[in-house]
Amino acid sequence: MNPVDLLLLVLVIVGFLAVNFFVQRSARSEQRRRAMTRAVQQTQAVAAADDEMPEVADMRKQEAAASAAAPLTSRHVTRSRFFHSEADLRHAIVVLTVLGPCRAREAYEPPGQ
C-alpha cells in the first residue's frame, strides 16, 4: 500500500466521520426544536387555563416548566474533539503518511536470509 492509497483511505474515513457528525447534529437540533415546540404548546395551554383556579394554574405552570426543561438536558458527557484544530488533523495525516503501513502484519524474517 503506497502513501497515496493510505492518504485516500484516511480521507475517506475522515469524510465518513464528518458526515456522521453532521447527521447526528441535525437530528439533535430537530429533537430540541420539537421539545421547544411542545413546551410552547404546553405553556399556551396553561395560559388558557389560568382563568380556572389560581392554585391549579400555578401548579400547571410549574409542571410545564419542569417538563420543558427535561428533554433539553443531556444524559451523556460530551467528549472533546480528537483533533482540536485543522493543524492537528494535518499533522496526523503527515504522521500516517510518513509511518506507512503497519509492519506487524508481515512475517518476521531474520537478517541475512
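The basis for the numbers below is simple: all heavy atoms, side chains too, and nothing from hydrogens, waters or symmetry mates. Source: prediction; values computed, not measured.
When all heavy atoms of S29 and S26 are compared, the pair lying nearest together is OG-O, 2.9 Å.
A search for side-chain contact (heavy atoms from CB on, under 4.5 Å) contacts involving V10 returns V14, I93, L96, not counting sequence neighbours. Listed by chain and residue number, V4, D5 satisfy the side-chain contact (heavy atoms from CB on, under 4.5 Å) test with N2 (two or more places apart in sequence, or in another chain). By the side-chain hydrogen bond (donor to acceptor under 3.5 Å, both in side chains) test, R34 pairs with E30, sequence neighbours left out.
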Criterion side chain to side chain contact (heavy atoms under 4.5 Å, CB included) on R25 and R28, from CA distance to verdict:
CA-CA 5 Å; R25 186 176 175 184; R28 281 192 303 262; 4.1 Å; yes
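Side-chain heavy atoms closer than 4.5 Å link hydrophobic residues (I, L, V, M, F, W, Y) into clusters, and following such links, possibly through other members, connects L7 to L89. I13 and V19 end up in different hydrophobic clusters when Ile, Leu, Val, Met, Phe, Trp and Tyr side chains are linked at under 4.5 Å.
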